[in-house]
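Note sheet for the following structure.
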2 protein chains.
Amino acid sequence: MINKQIPDIVVGRLPLYLRALQRMHNQGREVTSSQELGERLGISAAQIRKDLSQFGEFGKQGTGYQIGFLMDQLRQILNLTDVWEIAVVGTGDIGSAVARYQGFSNRGFVVKMIFDNHADVIGKKVGNFIIQDSANLVPYIRQAAIKVAMITVPANQAQEVADQLVEAGVKAILNYAPTSINVPPGVRVQYIDPVIHLQRMTYYLD
Amino acid sequence: MINKQIPDIVVGRLPLYLRALQRMHNQGREVTSSQELGERLGISAAQIRKDLSQFGEFGKQGTGYQIGFLMDQLRQILNLTDVWEIAVVGTGDIGSAVARYQGFSNRGFVVKMIFDNHADVIGKKVGNFIIQDSANLVPYIRQAAIKVAMITVPANQAQEVADQLVEAGVKAILNYAPTSINVPPGVRVQYIDPVIHLQRMTYYLD
């Protein structure tokens with residue numbers, strides 16, 4: 001059923017649909033429509049129907065979508081039926097915030113280990129984690145078979161950390177360092193840099 | 001020279017170009033090419049040339065781009081010649097990390113004030129800021145004529161905060177709360193939710 005040739009831009013909208021459905025579900029709702037989803041998300045109803053139709057037949061004309069069913073389907077499509085363990089590299093403000101963040105567990109992820117290369121923090125705790133020495137990053141991550149990692153180190157260290165993560169077998173990297181990183185085919189990278197988002201908006205301001 | 005009808009997807013790549021150029025500039029470089037920029041960013045050289053050509057003539061065939069000149073041009077296009085002041089709402093881990101973040105100032109932004117609605121933190125310090133009572137959000141932001149804000153409150157409070165920011169005259173909102181928010185025309189929103197990025201990658205994992 002899943003067609004791996006679907007454009008990444010479509011794939012990128014599925015988590016938004018899942019998040020909106022989860023919110024409706026938490027509010028006790030059972031049925032929704034592409035119109036309602038569209039209004040919540042600022043995406044056209046036609047776009048949502050078209051996106052979802054690429055993966056199967058999830059709703060009926062006139063009766064809308066069963067929220068619980070559609071959530072289950074989206075979780076399967078996005079490979080979220082099991083929980084993904086995450087390794088975090090860097091324990092500055094952002095790394096520490098991520099390590100303590102309570103919002104991963106019910107959305108398919110759990111932070112499992114956290115690394116730093118500063119002698120003064122190795123062995124200390126952040127959230128529930130003992131900070132590990134980055135020198136052990138490759139063997140520890142490989143041993144735990146962790147496939148997802150976050151980079152929260154300074155920009156000038158990001159590529160070196162990415163190289164080590166790839167060596168350790170990581171296949172998906174969320175990079176908070178404000179710089180692009182290069183990874184081999186088969187490894188995916190997403191970026192979080194608040195300034196990039198801010199600059200994209202100031203273009204429109206007078 | 002600036003054509004406001006340029007697609008937002010093109011606008012969204014300009015900050016990436018600026019960031020890469022800044023990094024080359026910091027390394028003492030003076031000239032680059034669309035090829036080199038493309039390799040650093042994982043974007044084709046042709047795409048970069050096409051994007052930049054929508055705003056003017058910034059390089060010459062065969063001699064590449066003068067890094068300093070192109071940075072200046074991009075800063076003008078993105079309205080970054082002056083520094084934008086930011087209001088932060090929410091002083092949890094993310095709000096605190098943002099308030100202390102050193103990476104805004106040389107990229108066109110400065111955090112100016114920070115708010116929370118919890119009596120136990122109002123009046124305390126985070127970074128260099130005294131935490132202000134959210135009850136004063138609208139008059140304080142309006143008085144300071146701040147146009148850019150970040151929301152770092154829980155999801156169920158995000159819409160109410162967004163409404164207040166709009167009332168205060170904010171035109172650009174970076175929303176860290178894991179939920180969509182609705183704003184009137186003329187106000188722009190960008191989102192940072194790490195789980196959305198992670199789920200977009202797990203789709204491709206086995």
Side-chain angles (χ1 to χ4, degrees), chain A residues 2 4 6 8 11-12 14-16 18-20 23 39-42 74 77-80 84 86 92-94 96-98 100-101 103-104 107-109 147-148 150 155 171-174 176 178-180 182 186 188-206, chain B residues 2 4 6 8 11-12 14-16 18-20 23 39-42 74 77-80 84 86 92-94 96-98 100-101 103-104 107-109 147-148 150 155 171-174 176 178-180 182 186 188-206:
Chain A
I2 296 173
K4 290 284 180 186
I6 287 165
D8 185 60
V11 174
L14 301 184
L16 298 174
L18 179 57
R19 189 178 67 181
R23 200 161 161 75
E39 282 165 22
R40 290 211 180 194
L41 293 169
L74 287 172
I77 293 167
L78 292 168
N79 288 320
L80 299 172
W84 294 91
I86 301 175
D93 281 327
I94 290 290
S96 298
V98 163
R100 284 191 290 257
Y101 183 54
F104 289 125
R107 298 173 71 192
F109 300 90
K147 300 299 175 199
V148 180
M150 297 189 193
K171 300 295 183 193
I173 297 173
L174 183 55
Y176 282 83
T179 187
S180 296
N182 294 311
R188 304 199 76 89
V189 182
Q190 291 269 305
Y191 293 92
I192 291 186
D193 177 354
V195 177
I196 295 292
H197 291 284
L198 292 170
Q199 293 179 341
R200 184 174 186 159
M201 295 191 285
T202 56
Y203 171 82
Y204 298 96
L205 301 186
D206 298 318
Chain B
I2 296 172
K4 290 286 181 185
I6 286 165
D8 185 60
V11 174
L14 301 184
L16 299 174
L18 179 56
R19 189 178 66 182
R23 199 161 160 75
E39 282 165 23
R40 289 212 179 193
L41 293 169
L74 287 172
I77 293 166
L78 293 167
N79 288 321
L80 300 172
W84 293 92
I86 301 174
D93 282 325
I94 290 290
S96 299
V98 163
R100 284 192 290 257
Y101 183 55
F104 290 126
R107 298 172 70 192
F109 301 90
K147 299 301 174 197
V148 181
M150 298 189 192
K171 299 297 182 192
I173 297 173
L174 182 55
Y176 282 84
T179 186
S180 296
N182 295 311
R188 304 200 76 89
V189 182
Q190 291 269 307
Y191 294 92
I192 290 186
D193 177 353
V195 177
I196 295 292
H197 292 284
L198 292 169
Q199 292 179 343
R200 184 173 186 160
M201 296 191 284
T202 56
Y203 171 82
Y204 298 96
L205 301 186
D206 297 319

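In the text below, chain A, chain B and the rest are named by the order of the sequence lines, each starting its count at 1.
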Beyond-backbone contact of [X] with [Y], side-chain heavy atoms, under 4.5 angstrom:
| X | Y | value |
| --- | --- | --- |
| P15(A) | V195(B) | no |
| Y191(B) | L16(A) | no |
| M201(B) | L174(A) | yes |
| T202(A) | W84(B) | yes |

Out of [options], return the one with the most heavy atom pairs under 4.5 angstrom to chain A.
| options | value |
| --- | --- |
| L14(B), L80(B), V189(B), L18(B) | L80(B) |
| M150(B), R107(B), K147(B) | R107(B) |
| E39(B), R100(B), K171(B) | R100(B) |
| V148(B), N182(B), D193(B), V98(B) | D193(B) |
| A20(B), A155(B), G186(B), G42(B) | A155(B) |

With Y101(A) via ring-ring contact (aromatic ring centres under 6.0 Å, His included) - residues at least two apart = F104(A)
Atom pair CD1 (I94(A)) and CD1 (I94(B)), whose distance is rounded to the nearest 0.5 Å =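 One finds 5.0 Å between CD1 of I94(A) and CD1 of I94(B).
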Non-hydrogen atoms of chain A under 4.5 Å away: do they reach the side chain of I86(B), the backbone, both or neither?
->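 Just its side chain gets close to chain A.
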Answer with yes or no whether the side chains of D8(B) and Y203(A) bring together a donor and an acceptor at under 3.5 Å.
-> no
With sequence neighbours left out, the residues meeting side chain to side chain donor-acceptor pair (under 3.5 Å) with R23(A) are T179(B)
Smallest heavy-atom separation, A172(A) atom then L205(B) atom, equals CB-CD1, 4.1 Å
Check whether L198(A) gets within reach of chain B through its side chain, its backbone, both or neither, counting any heavy atom under 4.5 Å.
->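 For L198(A), heavy atoms of backbone and side chain both lie under 4.5 Å from chain B.
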Output, in order, the C-alpha distance, side-chain angles, deciding distance and verdict of side-chain contact (heavy atoms from CB on, under 4.5 Å) for R19(B) and I196(A).
-> CA-CA 8 Å; R19(B) 189 178 66 182; I196(A) 295 292; 3.8 Å; yes
